[in-house]
Structures are given as structure tokens and as C-alpha cells.
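Following: one structure in C-alpha cells, then a few remarks.
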Amino acid sequence: MNAKKLSERLKTVASFVKVNTILADIGSDHAYLPCFLVHEGVITKAIAGEVVKGPFESAKKQVISEGLQNNIDVRFGNGLEVISDVDNVQTVTIAGMGGPLIASILESGKDKLSKVDTLILQPNIHAKAIREWAIQEQWKIEQEVILEEHDKIYEILVLKKGIMKLSEKELLVGPILSKEKSPIYQKKWNNELNEWLRIVNELNKIQGTEVHQKKEELEYKIALVKETL
């Protein structure tokens, strides 16, 4: 993977970025995503944010080596702290982290989202945390995609501002993904089911209130997922 040839996961994230939007890519790593989007002529201006020194330096070097320092501003900072009002950022991408971490980044920096109209989020795990945050902060899911790459399954959520209501089942598995029921979706949730059933089987051998509660939680999730397959 490089700035001209993205992984399938990041290429899918890139496909949702609108032409001429001002982008902030949070946790940008090598800044491959904003560099790719500028090279493709999709955008002309982006911020690449990094909170870890190593990736921050890598992103700076990458942008310079691509000759894009007039298009992409690499900034060091925690989450959405790298954005200011004068940047007029319209789209935020956050990819390659856990869902709870993405949700906490959005929650901590929600005052930076007043001019943002699109969030493109790719959690590695626990997308439910993002859906819960979206409902609470009045964002709605416009699109969801599930894909597999190198034996790992990823979900991508595109959010726009608006009111959304989701059932417990939709929070867990996704309102759009659960309707489409793609083969990758079925593979993901069958794998999860098998793991949960294995854990429940182990818990059956142990006594205790906490164990009973954990077992009930898992059995509830198992029932929800079975409904969607």
C-alpha cells in the first residue's frame, strides 16, 4: 500500500469522500488516504492529524515526498484537537481503530464538528459504540459497508447530521448491513455466534452472579444475531 495504491479498506473509505470537500483524516498514519484523494483529483485541501510522534513524522515525510505540502497540512494533536473553525472542515475520516475509541474521539471533540456534514468511520471492532454515539449526538447512518481483506472483516459507516432511531438488533449489526445480508456479513456474524456459544458453554460450568449475568448478556446477543441470519 502507498499514496497511489490504497488497501481495499481505505479505498472504500475514499470512495465516500465527496469532490472538493475539505477533509480531516484523524489518525492518518502515513497520510496515504489524503494523499491518494489529492492525487485522484477528488480533493485539494486536507488536514492529516496524528497523536503519535512516529506516524506524525511519517505522515510529514510522505506528504513532502508526494509534493503535496500545499494541499495537506499534517498536524500533531489528539483527535479532533487538530481542527479549528477557520479550517472549514466538511468531512472527517477516522479509520483503523476500535469503535469505542472512535466514539470517544468524536465525543471529546464534538464542538469541532459544527461545520462538518459527513463522518466516514471505519472501526476494526465494536461498530455498535459508533451507532450509539450517533443516536445520542443526532447523526444518522447514510451508508454502511462490510468487507473482508487479508482474513479480517471491516465495517465502514457514513454518517450525516440527523435524527435516527435504531432497535437493539440494528445497533449491534447495523440497520443497512442487516437488510443486505451479504455473504461477508453472514460470515462475520456466524463467526461471532460460534464464539459466543463456545463462551456460554464454558460459563455453564461455572457458578456465580457475575457469571450468570455475563451468560444472559451473551444469550441475548445470540438471539438478536440469529434473527438477522
Side-chain angles (χ1 to χ4, degrees), residues 6-18 21-34 36-37 42-43 46-52 55 59 75 77-83 87 89-149 152-166 170-180 182 184-185 188:
L6 296 181
S7 66
E8 202 58 39
R9 172 180 67 90
L10 281 184
K11 202 192 298 178
T12 307
V13 171
S15 72
F16 291 110
V17 177
K18 295 284 191 289
T21 193
I22 298 172
L23 175 74
D25 184 38
I26 305 301
S28 196
D29 203 7
H30 288 75
Y32 287 152
L33 178 63
F36 173 84
L37 287 163
V42 177
I43 63 172
I47 294 160
E50 250 306 333
V51 70
V52 181
R75 298 180 186 172
N78 191 9
L80 300 175
E81 283 176 7
V82 297
I83 301 174
D87 296 319
V89 168
Q90 298 152 312
T91 301
V92 171
T93 50
I94 309 178
M97 304 176 202
L101 178 55
I102 292 175
S104 74
I105 287 169
L106 293 168
E107 178 61 21
S108 299
K110 61 186 178 184
D111 58 317
K112 305 279 188 173
L113 298 174
S114 59
K115 296 180 182 177
V116 173
D117 57 45
T118 307
L119 302 173
I120 306 168
L121 311 169
Q122 181 267 297
N124 291 344
I125 54 171
H126 303 315
K128 181 185 178 188
I130 293 171
R131 296 186 188 105
E132 287 172 335
W133 177 86
I135 289 171
Q136 180 186 307
E137 296 303 320
Q138 298 190 349
W139 290 79
K140 61 182 180 181
I141 296 170
E142 184 183 68
Q143 186 57 271
E144 289 180 311
V145 173
I146 191 165
L147 62 100
E148 185 173 18
E149 185 172 43
K152 289 186 179 172
I153 294 175
Y154 302 103
E155 292 179 33
I156 296 164
L157 291 77
V158 182
L159 305 183
K160 299 276 189 182
K161 284 178 176 165
I163 307 290
M164 172 176 69
K165 288 182 180 177
L166 297 179
E170 289 170 328
L171 274 173
L172 182 62
V173 297
I176 297 171
L177 298 178
S178 59
K179 284 191 180 74
E180 292 174 347
S182 74
I184 297 167
Y185 169 89
K188 173 191 166 76

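Keep in mind that this is a model prediction, so the values were computed, not measured. Because only heavy atoms are used, hydrogens play no part in the values below, and waters and symmetry mates are left out as well, while side chains stay in.
- Pairing each heavy atom of Leu6 with each of Ala14, the nearest pair is CD1-CB, 4.2 Å.
- Shown here is Lys160, whose NZ atom has more than 12 heavy atoms of other residues, nucleotides or ligands within 6.0 Å.
- Judged purely by atom type and a 3.5 angstrom limit, Glu180 has no side-chain atom pairing as donor or acceptor with the backbone of Ser182.
- Between Thr118 and Phe16 the shortest side-chain heavy-atom distance does not fall below 4.5 Å.
- In this structure Ser178 satisfies the side-chain hydrogen bond (donor to acceptor under 3.5 Å, both in side chains) test with no other residue, sequence neighbours excluded.
- Within the 4.5 Å cutoff, no side-chain heavy atoms of Leu23 are placed close to those of Ile47.
- By the 4.5 Å heavy-atom criterion applied to side chains, Pro55 and Ser28 are not counted as neighbours.
- Side chains of Lys18 and Thr91: no donor on one and acceptor on the other come within 3.5 Å.
- Put simply, the side chain of Ile120 reaches to within 4.5 Å of the side chain of Ile156, judged on heavy atoms.
- Legend: residues meeting side chain to side chain contact (heavy atoms under 4.5 Å, CB included) with Glu8, ordered by chain and number and at least two apart, are Lys11, Thr12, Glu149.
- We find that Lys128 and Glu132 are joined by a salt bridge, their nearest charged nitrogen and carboxylate oxygen being less than 4.0 Å apart.
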Verdict with supporting geometry, Gln136 and Glu107, side-chain contact (heavy atoms from CB on, under 4.5 Å):
CA-CA 10 Å; Gln136 180 186 307; Glu107 178 61 21; 3.7 Å; yes

One pair to check against side-chain contact (heavy atoms from CB on, under 4.5 Å): Lys115 and Val89. What are the steps and the verdict?
CA-CA 6 Å; Lys115 296 180 182 177; Val89 168; over 6 Å; no

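- Not counting sequence neighbours, the partners of Lys161 by the side chain to side chain contact (heavy atoms under 4.5 Å, CB included) test are Trp139.
- Between Val17 and the options Leu37, Val158, Leu33, a side chain to side chain contact (heavy atoms under 4.5 Å, CB included) holds for only Leu37.
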From CA spacing to verdict: salt bridge (Lys or Arg N to Asp or Glu O under 4.0 Å), Glu155, Lys188:
CA-CA 10 Å; Glu155 292 179 33; Lys188 173 191 166 76; 3.5 Å; yes

Would Leu147 and Ile153 count as a side-chain contact (heavy atoms from CB on, under 4.5 Å) here? Give the steps.
CA-CA 6 Å; Leu147 62 100; Ile153 294 175; over 6 Å; no

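- The main-chain N or O of Gly96 is found under 3.5 Å from a side-chain atom of Gln122 such that the two form a donor-acceptor pair.
- Atom OG of Ser7 sits about 10.0 Å away from atom CZ of Phe36, to the nearest 0.5 Å.
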Stepwise side-chain contact (heavy atoms from CB on, under 4.5 Å) check, Gln143 with Ile176:
CA-CA 7 Å; Gln143 186 57 271; Ile176 297 171; 3.9 Å; yes

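- Within the model, atoms CD of Glu170 and NZ of Lys165 stand 12.5 Å from one another, a figure rounded to the nearest 0.5 Å.
- Two residues are said to be in side-chain contact when any heavy atoms from C-beta on lie closer than 4.5 Å; Gln90 and Val116 fail this criterion.
- The residues Arg75 and Asp25 are annotated as not salt-bridged, no charged nitrogen and carboxylate oxygen being separated by less than 4.0 angstrom.
- In terms of heavy atoms, Pro123 sits closest to Gly98 at CB-C, 4.4 Å.
- The minimum heavy-atom distance between Gly99 and Ile130, with the atom names listed, is O-CG1, 3.7 Å.
- Salt bridge Lys112/Glu81: absent, no basic N to carboxylate O contact under 4.0 Å.
- Under the salt bridge (Lys or Arg N to Asp or Glu O under 4.0 Å) criterion, no residue pair touches residues 116-125, with sequence neighbours excluded.
- Checked against side-chain hydrogen bond (donor to acceptor under 3.5 Å, both in side chains), Lys179 has no partners two or more places apart in sequence or in another chain.
- Using a 4.0 Å cut-off between a side-chain N of Lys or Arg and a carboxylate O of Asp or Glu, Arg131 and Glu144 qualify as a salt bridge.
- The closest side-chain heavy-atom distance from Ile26 to Thr93 is not below 4.5 Å.
- Side-chain contact between Val92 and Leu80: present, with at least one pair of heavy atoms (C-beta onward) separated by less than 4.5 Å.
- For the atom pair Leu157 CG and Ile141 CD1, the distance stands at 5.0 Å (nearest 0.5 Å).
- With sequence neighbours excluded, the residues that form a side chain to side chain contact (heavy atoms under 4.5 Å, CB included) with Leu101 are Met97, Ser104, Ile105.
- Atoms CG and CD1, on Asp111 and Ile83 in that order, are 10.0 Å from each other to the nearest 0.5 Å.
- In this structure, CG on Leu121 lies 5.5 Å from CG on Leu106, to the nearest 0.5 angstrom.
- With a 4.5 Å cut-off on side-chain heavy atoms, Leu119 and Trp133 count as touching.
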